[in-house]
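Notes for the one structure printed next.
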2 protein chains.
Amino acid sequence: MAGIASDMIRGNTDTILLRFLCEKDSYGYEINKQILELTDGQYGLNEATLYTTFKRLEKNGYITSYWGDENSGARRRYYTVTEAGRAAYAENCREWLNARTLLERLIKDGTD
Amino acid sequence: MAGIASDMIRGNTDTILLRFLCEKDSYGYEINKQILELTDGQYGLNEATLYTTFKRLEKNGYITSYWGDENSGARRRYYTVTEAGRAAYAENCREWLNARTLLERLIKDGTD
DNA sequence: TTAGATACCTTGACAGGTAAGGTATCTAGG
DNA sequence: CCTAGATACCTTACCTGTCAAGGTATCTAA
């Protein structure tokens, strides 16, 4: 089986992370758990992908980060979406809708 | 601007080419023109992508190829989809529908 | 004290896509 | 005749995002 839908979701990981951060500040592990819940365990980000994506988003000015002040448990790095990040999220959503339309035309539907 | 939807379509190029070949034998240039028509010029495969994809499909046993016998104009390499190719197309379509559902949940809709 | 969960991070490799180059044939215009 | 443009195919070197595999550290429960 290997990577269910992984190559099809590529190019949307930024958008997915931004989506959750648009709702509230969060950290990697939590977001990934939410992704797993929303997809009934069908999809989750590889940790390496998760953290490189955060890095990329931060480098692009779409998010900022700070260390949480947990007094118990493992330390957490929280992320906050910026205004540029919200704009990028909206733009990515538009692009996704467009890509979806195009793919629907191109792929047709070969399911029986 | 650069690549509109290019990274979102990655992982679907095989499926797109198979779709056209499921309808009839065809060759690279023609398929790419059909893609451009269907998308109102919004999307077309890079030539390098086009031909490496054909190679991959042939290596995987999803298509076979033969030289057309044009008596005028540039030579054309035609491709034929195999039974395995049709099965792969159907399976890819199912995966696409699934990925689309997951993405719809994950991305929500941040368009205004 | 040990196992498991939480939580983060880095490295090296890989696959698919792309830019930029190339070849060859035919047609239309000057 | 020559040139420009369309048709049609191909290769190379590079870039990017993903992933497997490793690592660190803390807390909780058995």
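A, B, ... follow the sequence lines: proteins, then strands. Residue 1 opens every chain.
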Gap between atoms CG and P, on B:L50 and C:dA20 respectively (whole Å)
19 Å

Between A:R10 and A:F54, just flag the one whose closest nucleotide in DNA chain C comes earlier from the 5' side.
A:F54

Sugar-phosphate only, base, or nothing, as touched by B:T52 at under 4.0 Å among non-hydrogen atoms:
nothing

Taking the ring of A:Y79 and the ring of A:F54, is the distance between their centroids below 6.0 Å?
yes

Using a cut-off of 4.0 Å on non-hydrogen atoms, how would the nucleic acid contact of A:E47 be classed: base, sugar-phosphate, or nothing?
base

Out of curiosity, B:N98 CG to A:Y43 OH, how far, rounded to the nearest 0.5 Å?
12.5 Å

So, OP1 or OP2 of D:dC10: does either fall under 4.0 Å of a side-chain N or O from B:Y51?
no

Can you measure A:L45 atom CG to D:dT18 atom P for me and round it to whole angstrom units?
8 Å

Atom CG of B:N32 and atom C1' of C:dT18: how far apart are they, to the nearest Å?
14 Å

Expressed as a whole number of angstroms, how long is the span from A:N46:CG to C:dG12:P?
17 Å

Using a strict 4.0 Å threshold on nitrogen-to-oxygen distance, state whether B:K55 and B:E58 make a salt bridge.
no

When the distance from CZ of B:R77 to C1' of D:dA8 is rounded to whole Å, what number comes out?
12 Å

Ionic contact status for B:R76 with B:E30, cut-off 4.0 Å
no

Starting from C1' on D:dC9, measure out to NZ on B:K55 and report it in whole angstrom.
10 Å

